[in-house]
Every structure is written in C-alpha cells, then in structure tokens.
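Beneath this line is the structure, given in structure tokens, with notes to follow.
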Number of protein chains: 2
Amino acid sequence: MATIRDVAQRAGVSVATVSRVLNQNGYVNQDTEARVMKVIKELDYRPNTVARSLANRKTGTIALILPTIMNPFFSELSRAVEDSARSRGFTVIFCNSDDLDTREQTYIDVLRQKYIDGIIFASSSLGEEDLAVINENGIPLVVLDRALREGNCSVIRSKNAEGARKAVHHLLATGCRKVAHIAGPQELITAQERLRGYRDVVKDLDWFEESLILPGQFSITGGKGAVQALVEAHPDVDGIFAGNDLMAIGALKALHRMGIKVPEEVSLCGFDGIGATEWTEPELTTVAQLIYEMGARAALHLIDRVQGYTDQVEDLELDVHLIERGSTRRRKY
Amino acid sequence: MATIRDVAQRAGVSVATVSRVLNQNGYVNQDTEARVMKVIKELDYRPNTVARSLANRKTGTIALILPTIMNPFFSELSRAVEDSARSRGFTVIFCNSDDLDTREQTYIDVLRQKYIDGIIFASSSLGEEDLAVINENGIPLVVLDRALREGNCSVIRSKNAEGARKAVHHLLATGCRKVAHIAGPQELITAQERLRGYRDVVKDLDWFEESLILPGQFSITGGKGAVQALVEAHPDVDGIFAGNDLMAIGALKALHRMGIKVPEEVSLCGFDGIGATEWTEPELTTVAQLIYEMGARAALHLIDRVQGYTDQVEDLELDVHLIERGSTRRRKY
DNA sequence: TTGAAAGCGCTAACAC
DNA sequence: GTGTTAGCGCTTTCAA
C-alpha cells in the first residue's frame with residue numbers, strides 16, 4: 001500500500017506538500033496540486049488513518065455504550081447513531097454493557113486508550129464520579145436519559161414523567177377505574193421518572209394503593225411475571241401502564257394466557273414506541289419517544305463537539321407522544 | 001496521560017525494557033520488571049493503542065457489516081459478535097449497509113485505511129471480485145450466508161434449504177393441502193436456498209403452481225402484501241411458509257386483519273428463530289437458526305485467524321431446527 | 001539482560 | 001508556495 005512518501009517522491013514534491021493537498025490547508029500551487037492528485041490516483045493512495053490519528057490525536061471514531069442491542073429500543077437508537085456518524089465520516093464502536101458497571105468501566109479504559117473521539121453513554125449504572133473521569137480525560141461525552149448535576153457533559157433525554165402522565169390519563173379517559181403500573185428497575189432514572197409520572201396522576205385517587213406498582217425489569221418475562229402477581233392481588237384491575245414496551249408485550253402475553261381480554265377487560269399501554277408494538281394483536285398503545293432523533297442528535301452533537309464546532313454542552317429534553325392503538329381502544333367517556 | 005517514556009525515565013530503564021515487560025517478550029530481569037511494574041501502577045500508565053497499532057499494524061478491532069441492526073436477527077448476531085470479540089480483547093465497529101453495494105464498498109475502503117484486523121460480512125450485495133480485493137489487502141474475512149467458489153475466506157451459514165424442507169414437511173404433516181411460500185429477495189442466497197427447499201418438497205405435488213410463490217422482501221410490510229395478493233389469487237391456501245420471521249409476522253397481521261384464523265384456517269411457519277416469534281398470538285412456528293452461535297463462531301474464528309492461531313479457512317454449515325408453536329398447531333394426521 | 005535508534009505513516013511548525 | 005524536520009507513542013532489530 002502506497003504511503004505519502006511514495007506519492008511525494010513520484011510527484012517530485014515533499015511530503016508536506018502532499019499532506020497539504022490531502023488536507024486542503026496551507027497554500028499550494030494549482031499545478032502542483034494537480035500533479036499530486038494525479039499521482040494519488042495513479043497509486044490509488046489512501047492515507048493511513050492510524051498514522052493520522054497518532055499525529056493529531058483524532059480517530060474519527062465514537063463509541064456507543066448501551067445496555068444491550070437486543071432491546072429494539074437500542075437497535076433503533078444505534079441505527080440512528082451509526083447513520084449520523086457515517087454522514088459525518090465517523091465510525092462507531094459499539095459496546096453492550098448489560099448495565100454492568102465493571103464492564104462499563106472496562107470499556108471506558110479501552111476506549112480512551114484507543115483515542116476514541118467521543119462517547120455516547122446510553123447505559124446508566126456508572127456513577128457521576130466515573131463520568132467525571134472521562135471528562136478529565138478530555139473526551140467529549142453525551143449521556144442519554146440522565147440528569148447530571150455536574151455540567152461538563154451533554155444530556156439528551158425524553159420527557160419521561162410527562163409521557164407517563166399522558167399514558168395514565170389516557171387509560172383513565174378510556175374508562176379505566178383502577179390502573180396499575182409495571183415499573184422498570186429503579187436504578188434507572190427513566191424507570192424512576194415514569195413511575196413518578198404514574199404517581200403524579202394516581203396518588204390522590206381513592207382506589208390507589210402501593211401494591212398496584214409492580215417491578216418488571218424492563219423485560220418481557222418481567223412483564224409477564226408482574227401481570228400474574230397483579231391479577232392475583234387485584235383481580236379488579238382494568239388498566240395497566242407498563243414502563244416500557246417489552247414489559248407491555250410480556251403483559252399482553254400473560255393476560256392472553258390467563259384468558260383476560262385486551263382491551264375489553266384490561267387496557268394496556270406501553271412506553272418507548274418500538275416497532276414491535278405493531279406486531280402484536282391487538283397492537284399496543286404506547287408513549288412513543290423520538291428514538292431515532294435521540295440517537296441522531298446525540299451523535300451529531302457529539303461530533304460537533306469533537307470537531308470543535310461547539311463547546312456548548314447541551315441539555316435536551318425530547319417530546320414524547322401517545323400513539324393510540326387497539327390495546328386501549330375501548331369506550332370513551 | 002503518561003507515556004512509555006515517562007515510565008522508562010522514572011524506572012531508570014530504557015523504553016525498550018518497558019516495552020518488553022508490557023508485552024512479556026524478550027528477557028528482562030525480575031527486579032527490573034518489578035520496578036517497572038511498580039512505576040506503571042504509580043503513573044497509572046496505559047499503553048497508547050494507536051501508537052501500538054501504527055507500529056505493529058494490528059488494531060484489535062474487527063468490523064461487522066450487516067444489512068441493518070433493526071432486523072432482530074442481526075441484533076442477536078451482533079450481540080454474539082461483540083460478546084465474543086470482547087472476550088478476546090477485541091473491539092467491534094458496526095456498519096449498516098442496507099445491502100447497498102456502494103455503501104459496502106465505502107465501508108471497506110474506510111476500514112482498511114483504519115487497519116481493521118478483520119471483517120465479518122453479513123451483507124451480501126458485494127460481488128466476489130470485491131471480496132477478493134479485501135483478501136488481496138490481506139485482511140481476514142468471514143462471510144455469512146454465502147457460498148463462495150474462491151477459497152480464501154471463511155464461510156459460515158445455516159442449512160437453509162434443509163430448513164425450508166423441514167418447514168414445508170411440517171406444514172404438510174399438520175394437514176395443509178396447499179402451501180404457499182413468501183420468498184425473500186432473490187439476490188440473497190439465503191432467500192434463494194429457502195425457496196429451493198420449498199420447491200424440493202412441493203414441485204411434484206399436484207396442487208403446486210408457480211403463483212404460490214410470492215415476493216415478500218424479508219420485511220413485515222412485504223409479508224403483509226404477499227398475503228393479500230396470495231389470498232386473492234388462492235383463497236384455498238391453507239399453509240404458508242415465510243422465508244423469514246419478519247415476513248411471517250407481517251403475514252400473521254394480514255391474515256388477522258382479513259379475518260382468517262391461524263392456525264385453524266391457515267397454518268404459518270417462519271424462518272430464523274428471532275425472539276419476536278414468541279411475542280405474537282398465536283406464537284409462530286419457525287425454523288430456528290443458531291443465530292448466536294453463528295455470530296460467536298464467526299468472531300472467534302476470525303480472531304483466531306487475525307492472531308495467526310490458524311490460517312485454515314473454515315466452511316461451516318450450521319444446523320437448523322423446527323420450533324413448533326401455535327401458528328401450526330392443528331390436527332395431526 | 002539492557003539500551004540506542006530506526007522505523008510505523010502522517011501532521012505541522014518553521015525556515016526558505 | 002514549498003521543503004525540512006521534529007514529533008505522535010510504541011515495537012523491534014542490532015549492539016553492547
């Protein structure tokens with residue numbers, strides 16, 4: 001593979017000149033440039049990115065750390081990140097953390113040794129202190145779905161509490177008289193906020209009790225389990241707000257298995273807006289996040305910072321909207 | 001961030017020595033080593049991977065090129081690849097090609113400039129010539145789901161035709177008298193093979209006609225569309241073998257919408273074995289591939305080759321097995 | 001067992 | 001406008 005030296009030699013110029021035409025900076029004579037370009041073509045020369053990275057400490061690579069790509073939410077998110085990165089000539093490394101902090105820690109170590117230009121952090125077990133470490137290393141960071149006190153990194157999230165309120169209001173509006181909540185793991189801020197939104201709406205209603213809140217791990221099986229426990233404890237429940245779509249899908253399965261009709265006997269609403277909510281029967285009402293936009297914004301903003309186009313850290317809260325589908329399509333009042 | 005020089009200086013040795021203890025090669029005195037190690041700890045020194053890569057032309061990074069991560073099949077596959085890579089200290093770059101050959105071409109260019117150690121190619125629009133180019137560049141390659149004449153790269157695939165035969169036999173065994181096939185895009189070898197498997201079984205049956213084969217793009221909407229066309233042309237169809245699970249899900253939706261009962265009136269079988277086949281109602285019978293194993297094998301084998309543990313190219317054909325579920329659970333004969 | 005020094009391929013300050 | 005050259009941080013001969 002040809003090097004910059006080969007090009008320089010053959011074009012009868014110095015490597016500096018070649019470098020200049022490559023990077024379009026500094027003055028260079030039109031003729032010289034043309035000659036160099038010609039040689040580049042002839043030799044099918046491609047600059048060696050690694051050497052470049054070593055020289056200027058930029059790799060053109062960002063990393064995306066997420067819990068697991070198996071969750072469709074993160075599939076879509078990472079698709080957005082990769083599309084956006086590609087559009088800016090960046091490459092993305094992807095990391096499944098399973099929300100394990102040791103793993104996240106290891107990744108960060110590896111990534112900084114690799115001169116990764118920036119990190120999008122969509123996994124949340126790492127404490128602020130650890131994130132601070134990344135910042136000290138001067139590596140730009142965008143975190144998803146967190147609220148950070150310390151201001152040195154950008155945050156993008158959805159209006160979780162508001163979305164949850166929309167969901168519960170909708171369930172009530174369609175006639176539910178007792179609405180339960182299947183909650184995600186409370187270590188996660190998204191799960192907390194959605195629970196809070198649920199509480200906001202129901203806390204003063206006379207039928208509300210704490211036992212209407214069940215843990216569901218943000219997973220299909222978690223959703224199933226929660227429904228089983230729920231129906232046993234509260235046979236009169238007629239509305240369920242699941243903290244994410246996977247749990248809603250699990251809930252739907254469990255209800256079906258127990259012979260409980262959705263939406264006739266129990267209305268069901270999820271959160272996230274993953275494509276699979278349209279795969280079930282009935283289709284699932286859900287509070288949709290702007291998943292793709294979230295990923296795209298995160299990536300583009302990160303790259304802006306990497307490239308020094310901005311040094312503003314961003315704190316964005318994206319809208320959510322209720323998509324009404326069969327799982328809540330009942331009588332209206 | 002400390003460099004190898006800092007360590008050398010502080011430990012009172014040369015950088016060469018530090019390098020030796022780092023890489024555990026060459027002779028180095030026990031005491032010296034201890035001293036160096038101590039300094040490394042003190043300085044919290046981490047070797048710079050980029051510099052290392054430049055020096056020895058290995059980056060510890062592999063790339064995974066796939067059509068799109070939004071297809072759950074590839075989510076699981078990439079999860080396997082990343083897990084396996086991580087277990088060997090490798091990092092993975094991921095690329096959504098949308099099966100666009102220009103995009104694949106671009107990726108390959110970028111990747112080789114980045115000194116990527118190896119590529120797993122799960123997207124198949126690129127011709128063999130292009131793949132040959134990669135080989136000439138000496139970069140190890142594992143392709144998924146192809147049959148290549150030219151032997152310089154490893155191939156891993158599933159027994160697609162056999163799986164298809166299993167599917168159709170199963171449909172017939174459960175009482176279907178007229179089985180249609182929703183086929184994937186015929187540029188893809190997997191789609192071809194599954195169609196071939198279908199043909200193998202039905203070609204001599206008296207009810208068979210070409211119009212029982214419908215294109216479905218390997219997508220949900222494709223599956224829906226195919227079913228609509230199918231029911232119109234062949235109202236008496238009572239079995240459908242979809243070339244992948246997404247199409248099967250789409251088919252199920254369409255059948256439901258048309259008021260056709262599954263499995264009572266039409267039995268339905270998919271292919272792939274993605275998790276979502278358990279999310280529908282009824283759950284989908286499917287020919288399951290060993291998706292995770294496929295990804296894991298690909299990654300581990302690739303890394304073996306990168307590290308020179310083997311120079312054998314591999315040609316593996318993984319088993320598939322039928323998972324019988326509600327969508328075909330009818331009378332048996 | 002250790003060190004000096006020549007790369008790996010490119011960038012960028014500095015000189016002409 | 002263009003060339004020289006000193007890095008970027010590490011590996012690896014080759015001598016000592």
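Each chain gets a letter, A, B and so on, in the order the sequences are listed, and its residues count up from 1.
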Is [X] touching bases, backbone alone, or none of the nucleic acid, heavy atoms closer than 4.0 Å?
X	result
B:T3	sugar-phosphate
A:V15	base
A:V18	nothing
A:T32	sugar-phosphate
B:R20	base

### Query
When the nearest nucleotide of DNA chain C is assigned to B:N56 and to B:Y27 on a heavy-atom basis, which residue is associated with the more 5' position?
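The residue mapped nearer the 5' terminus is B:Y27.
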### Query
If you pin B:L54 and B:A16 to their nearest nucleotides in DNA chain D, which one's is more 5'?
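Its nucleotide being nearer the 5' end, the pick is B:L54.
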### Residue closer to the 5' end of DNA chain D, B:T17 versus B:A51 (nearest nucleotide)
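The residue whose closest nucleotide sits nearer the 5' end is B:A51.
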### Message
Treating A:N29 as the side-chain partner and A:D31 as the backbone partner, does any N or O pair qualify as donor plus acceptor under 3.5 Å?
### Response
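Yes, A:N29 side chain to A:D31 backbone: donor-acceptor pair under 3.5 Å.
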Below 4.0 angstrom from OP1 or OP2 of [N], is there any side-chain N or O of [X]?
X	N	value
A:N23	C:dT11	yes
A:S14	D:dT4	no
A:Y45	C:dC10	yes
B:R57	D:dT11	no

Could you state the [atom1]-[atom2] distance from [X] to [N], rounded to the nearest angstrom?
X	N	atom1	atom2	result
B:M1	D:dG9	CE	P	9 Å
B:R5	D:dC10	CZ	P	9 Å
B:N29	C:dG3	CG	C1'	15 Å
A:Q113	D:dC8	CD	C1'	16 Å
B:N25	D:dT13	CG	C1'	12 Å
B:I4	D:dG7	CD1	P	18 Å
B:Q30	C:dT2	CD	P	10 Å
B:K58	D:dG9	NZ	P	23 Å

### Evaluation steps, side chain to side chain donor-acceptor pair (under 3.5 Å), between A:R88 and A:Q307
CA-CA 10 Å; A:R88 301 287 225 93; A:Q307 301 190 321; 3.0 Å; yes
### Query
Quick one: does B:F121's side chain get under 4.5 Å of B:R146's, heavy atoms only?
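Yes, at least one pair of side-chain atoms sits under 4.5 Å.
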### Query
Of the nucleotides D:dT2, C:dT11, C:dG3, which has the atom closest to the A:V28 side chain?
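Ranking D:dT2, C:dT11, C:dG3 by closest atom to the A:V28 side chain puts D:dT2 first.
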### Query
Checking side chain to side chain donor-acceptor pair (under 3.5 Å) for the pair B:T61/A:K114: CA distance, chi angles, key distance, verdict?
CA-CA 10 Å; B:T61 302; A:K114 290 211 179 204; 2.9 Å; yes
#### Entry: Residue pair B:Y115 / A:N48, side-chain donor-acceptor N/O under 3.5 Å
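There is such a pair (donor and acceptor under 3.5 Å, judged by atom type) between the side chains of B:Y115 and A:N48.
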### Task
Let me see the working for A:D117 and A:I139 under side-chain contact (heavy atoms from CB on, under 4.5 Å), right down to the final yes or no.
CA-CA 6 Å; A:D117 291 336; A:I139 151 166; over 6 Å; no
